[in-house]
There are 2 protein chains.
Amino acid sequence: MKHLPHKTIERLSQYRRALLLCHAKGMTHIYSHEIAKIQHITAVQVRRDIMLIGYTGTLRKGYNVKELIDLIGQIIDSVEGINVCVAGIGNLGRAITNYFSGKRTKLSIVAVFDVDKSKIGKKYHGIECYAIEEMARVIKDKKIEIGIITVPAEDAPAISEMMVKAKIKGILNYTPKPVNVPSEVYLEEYDMITSLEKVAFFVKTD
Amino acid sequence: MKHLPHKTIERLSQYRRALLLCHAKGMTHIYSHEIAKIQHITAVQVRRDIMLIGYTGTLRKGYNVKELIDLIGQIIDSVEGINVCVAGIGNLGRAITNYFSGKRTKLSIVAVFDVDKSKIGKKYHGIECYAIEEMARVIKDKKIEIGIITVPAEDAPAISEMMVKAKIKGILNYTPKPVNVPSEVYLEEYDMITSLEKVAFFVKTD
DNA sequence: TTAACAATGTGAAATAATTAACATTTTTCT
DNA sequence: AGAAAAATGTTAATTATTTCACATTGTTAA
Ligand SMILES: NC(=O)c1ccc[n+]([C@@H]2O[C@H](COP(=O)([O-])OP(=O)(O)OC[C@H]3O[C@@H](n4cnc5c(N)ncnc54)[C@H](O)[C@@H]3O)[C@@H](O)[C@H]2O)c1
Ligand SMILES: NC(=O)c1ccc[n+]([C@@H]2O[C@H](COP(=O)([O-])OP(=O)(O)OC[C@H]3O[C@@H](n4cnc5c(N)ncnc54)[C@H](O)[C@@H]3O)[C@@H](O)[C@H]2O)c1
């Protein structure tokens with residue numbers, strides 16, 4: 001199992017999400033076609049992804065839910081866990097902090113940053129908000145490895161640069177302003193308008 | 001220009017976003033490598049995408065910004081414009097409604113829905129919040145073609161079903177619960193945790 | 001005027017991702 | 001016991017996407 005395709009990584013995350021629900025419901029085993037149904041993909045695709053991570057199920061019984069959850073965890077989680085910070089605790093920043101907190105054991109938002117004086121020192125879902133000037137120090141002190149950017153778009157490049165200087169390893173940028181990072185920093189960007197426009201394109205009739 | 005790849009559609013949306021900024025700054029022309037730089041992709045990719053939509057730039061001058069913006073509009077926008085609704089006006093629903101409003105001329109959020117009595121009848125960024133029971137009627141009356149789902153995850157399937165019954169054409173589901181729709185409804189799903197886990201995977205060292 | 005340059009446009013090659021096809025194996029049914 | 005059914009695992013084929021390589025062509029400058 002050397003190089004997992006990017007798409008496989010994404011799907012593994014989704015499989016685990018689904019499997020955790022199944023496990024909570026008391027299911028011990030699951031078939032590839034059941035996972036496939038949930039994820040709107042083919043059973044072959046599921047089996048291929050699972051093959052790639054070197055797991056094998058039981059014929060006629062399918063995959064052991066718990067085992068598969070644990071193995072996916074071994075693949076995509078890091079042993080120690082990874083600390084995350086959010087820059088810009090506005091509408092989206094708060095929504096994300098709220099949503100993420102406690103969802104995954106190996107990923108924790110441990111700091112949020114803002115420029116707004118009225119926000120600094122406050123807690124958001126139990127997480128302290130620091131002044132943006134303190135970012136370098138806090139990232140170092142708290143061993144933060146991933147930064148989520150939810151500041152106003154025009155400030156995104158400056159924030160990204162600060163994160164890079166603070167030796168962050170990965171950035172998830174939710175602003176519509178693409179940022180530049182050196183190649184050793186992993187960058188993921190997502191704009192909801194692109195998703196909406198994609199839906200609009202496939203829906204339109206003219 | 002028959003079948004544009006999905007990836008090309010996404011990038012066209014991103015190119016336009018960048019081009020609109022360039023246009024606002026007064027730039028009249030742009031080179032493929034400049035667009036590429038902004039989007040972190042190769043110039044060939046940009047040229048290929050532009051080729052696919054049948055536009056040609058000027059040698060040594062690059063592409064006419066205004067013309068390209070308009071052509072991308074012809075490709076991804078519908079002439080009449082498309083109306084959109086949001087179900088669940090909580091943290092994420094409000095953030096999205098706020099973010100989208102006025103961003104694109106051909107895409108308008110024209111209604112939001114919720115079950116919370118205290119929210120029904122209120123306006124969010126000028127958009128009226130209706131009771132979820134009224135969804136079918138409002139979707140028909142306001143000619144809504146796309147629905148964005150931001151209700152609690154466990155309610156997502158029910159909301160999706162209501163939208164499908166109301167003859168919506170496309171759904172953008174932001175809950176971590178995959179929903180099932182008939183093949184004639186275009187479905188796009190996105191979970192922020194998957195994105196974060198992807199970053200975590202590429203960042204981890206063990 | 002002409003050579004060097006810097007851009008676009010594109011067929012062909014390479015790479016990435018998905019799907020088909022089917023061998024294999026366990027279970028169930030007769 | 002043997003046949004049929006239903007699952008996994010995997011090679012090979014196919015499809016989708018990206019990149020290479022280079023022909024073409026305005027522009028600039030010697
Ligand atoms: N709201 C959404 O659904 C949504 C969706 C996609 C993208 N976005 C993008 O996310 C970003 C944030 O959106 P929002 O709706 O939360 O905006 P917002 O205005 O509510 O929040 C921005 C926050 O960033 C803080 N801030 C400003 N400058 C800062 C700086 N230099 N350093 C640190 N913090 C700073 C502000 O004080 C504020 O708290 C925007 O770029 C927006 O385009 C939002
Ligand atoms: N907050 C985020 O950043 C984020 C990110 C990704 C996904 N999500 C998902 O988006 C969804 C909403 O998240 P949130 O943070 O906005 O939650 P929230 O609780 O703030 O908002 C949910 C809203 O939906 C309403 N609602 C509940 N049942 C409803 C129904 N049957 N019909 C219509 N409206 C209903 C509630 O009244 C509330 O206003 C959740 O599924 C969450 O998992 C949130």
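In what follows, chains carry the letters A, B, and so on, assigned in the order in which the sequence lines appear, proteins first and then strands, with residues in each chain numbered from 1.
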Could you give the [atom1]-to-[atom2] distance, from [X] to [N], as a whole number of Å?
{"X": "B/Y55", "N": "C/dG9", "atom1": "OH", "atom2": "P", "answer": "9 Å"}
{"X": "B/Y31", "N": "D/dT27", "atom1": "OH", "atom2": "C1'", "answer": "10 Å"}
{"X": "B/E34", "N": "C/dT8", "atom1": "CD", "atom2": "C1'", "answer": "14 Å"}
{"X": "A/I41", "N": "C/dT18", "atom1": "CD1", "atom2": "P", "answer": "8 Å"}
{"X": "B/R60", "N": "C/dA7", "atom1": "CZ", "atom2": "C1'", "answer": "6 Å"}
{"X": "A/L68", "N": "D/dT8", "atom1": "CG", "atom2": "C1'", "answer": "13 Å"}
{"X": "B/K61", "N": "C/dG9", "atom1": "NZ", "atom2": "P", "answer": "14 Å"}
{"X": "B/K7", "N": "C/dT18", "atom1": "NZ", "atom2": "P", "answer": "9 Å"}

**Prompt:** Can you tell which of D/dT19, C/dT8, D/dG9 lies closest to the side chain of B/L59?
**Reply:** C/dT8
**Request:** Would you mind telling me which of D/dA21, D/dT8, C/dG9 lies closest to the side-chain atoms of B/M51?
**Result:** C/dG9
**Item:** B/R16 and B/D77 ion-paired at < 4.0 Å
**Value:** yes
**Item:** Residue-phosphate contact under 4.0 Å: B/T56 side-chain N/O, C/dT8 OP1/OP2
**Value:** no
**Asked** Hey, is CD on B/E161 packed in by over 12 heavy atoms from elsewhere, all under 6.0 Å?
**Response** no
**Request:** Classify the side chain of A/R48 versus the base of D/dT11 as yes if they form a donor-acceptor pair under 3.5 Å and no if they do not.
**Result:** yes
**Asked** What nucleic acid atoms does B/T8 come within less than 4.0 Å of, heavy atoms only: base, sugar-phosphate, or nothing?
**Response** nothing
**Request:** List the atom of A/K204, the atom of B/Q74, and the distance in Å for their closest heavy-atom pair.
**Result:** NZ-O, 3.2 Å
**Item:** Considering all heavy atoms, the nearest B/A153-B/T175 contact
**Value:** CA-CB, 3.9 Å
**Prompt:** Of A/V44 and A/P5, whose closest DNA chain C nucleotide lies nearer the 5' terminus?
**Reply:** A/P5
**Request:** Mark yes or no for whether A/T97, through its side chain, and A/G93, through its backbone, hold a donor-acceptor pair below 3.5 Å.
**Result:** yes
